[in-house]
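Structure first, then comments.
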Amino acid sequence: TGSIMAFLKSVIVALAMASTASASAANELSRPHLIKGSTTSVVSKLQLTPMQNQFKFLAQVYATAATVRFTWQRADGKGHTLFIEEAVEGRHTFELYRVAANKEYVIKAFAVLPDGATELIHEWVQAAPSFTGPLADSDSDFATVTGSPTFELLATDQSGYLTVFDETGSIVWYNAGCGGPKDQVDGEIVC
């Protein structure tokens, strides 16, 4: 009976959160989601936030005993489908990296079932935010990539800016404060 009471409490909390949230907000889950085949796993809140100048989305999740997977891919179908998956108990923030500025992405949140199958919880189509700085006018593909690239990410030094672009040629990260010689120590880039 203790697990039933905990479940009922989580549902009541989730319903209260849902009733105060704006159901019309396109970047939020409008009501709690009970995971199929479970009496205790609930995803009660999802919120997606594009992060200006950071080449990522933040996804806030509030869940009770759930494993959540996010996938994201450019809406135009270019590039790889990326994913992150973690067990969630309470509030958790997922960081969805490697997004190109001003490109639309299809982002999906799934519950991972005990047998490994997934259940779609919510889906967004969201433009990644723009960024500022000397390379900000690079809304189009930064580099021309032809053929079948064997890399997913490529780092280059562009006039003193450490720039990372993906296999489509879009910038997905850069650092203006990393001019001059660079080295890699224990997996970290040292300027």
Response to the item:
Residue pairs meeting side-chain hydrogen bond (donor to acceptor under 3.5 Å, both in side chains), one or both in residues 106-119, sequence neighbours left out, come to His33-Glu119
Discussion item. Restricting to side chain to side chain donor-acceptor pair (under 3.5 Å), what partner residues turn up for Thr146, sequence neighbours left out?
Written reply: none
Worksheet item: So, for Val43 and Ala66, which heavy atoms are closest and what is the spacing to 0.1 Å?
Response: CG2-CB, 4.1 Å
Discussion item. Counting C-beta onward and ignoring hydrogens, is there a side-chain heavy-atom pair between Val145 and Glu167 closer than 4.5 Å?
Written reply: no
Worksheet item: Looking only at atom types and distance, does a side-chain atom of Gln73 sit under 3.5 Å from a main-chain N or O of Gly79, one as donor and one as acceptor?
Response: yes
Discussion item. I want to check something: taking the side chain as every heavy atom from C-beta on, are Leu153 and Trp173 in contact at a cut-off of under 4.5 Å?
Written reply: no
Practice prompt. Kindly work out whether a path of hydrophobic side-chain contacts (I/L/V/M/F/W/Y, heavy atoms less than 4.5 Å apart) joins Val61 to Leu113.
Written response: yes
Discussion item. So Gln60 and Thr49, do their side chains get closer than 4.5 Å, heavy atoms only?
Written reply: no
Worksheet item: Should Ser170 and Arg74 count as side-chain neighbours, where that means a heavy-atom distance under 4.5 Å?
Response: yes
Worksheet item: Side chains of Ile84 and Tyr97: closer than 4.5 Å at any heavy-atom pair?
Response: no
Worksheet, complete the sentence: Between Phe70 and Ala109, the two heavy atoms sitting closest are CE2-CB, 3.6 Å
Fill in: Trp72 side, atom CH2; Arg98 side, atom CZ - distance, nearest 0.5 Å
8.5 Å
Worksheet item: Between Ala128 and Val99, what is the shortest heavy-atom contact and its length?
Response: CB-CG2, 4.0 Å
Worksheet item: Can you tell me how far CG of Leu96 sits from OH of Tyr105, rounded to the nearest 0.5 angstrom?
Response: 11.0 Å
Discussion item. Quick check for you: to the nearest 0.5 Å, what is the distance between Ile121 atom CD1 and Arg69 atom CZ?
Written reply: 11.0 Å
Worksheet item: Do you reckon Val88 sits in the same ILVMFWY cluster as Phe110, going by side-chain contacts under 4.5 Å, direct or chained?
Response: no
Worksheet, complete the sentence: CD of Glu123 to CG of Leu48, rounded to nearest 0.5 Å, is 12.0 Å
Practice prompt. Could you tell me the separation between the CZ atom of Phe94 and the CD atom of Glu85, rounded to the nearest 0.5 Å?
Written response: 8.5 Å
Worksheet item: Got a sec, which residues hit salt bridge (Lys or Arg N to Asp or Glu O under 4.0 Å) with Glu95, two or more places apart in sequence or on another chain?
Response: Lys56
Worksheet entry | Distance, nearest 0.5 Å, that separates CZ of Phe57 from CE of Met51 | 11.5 Å
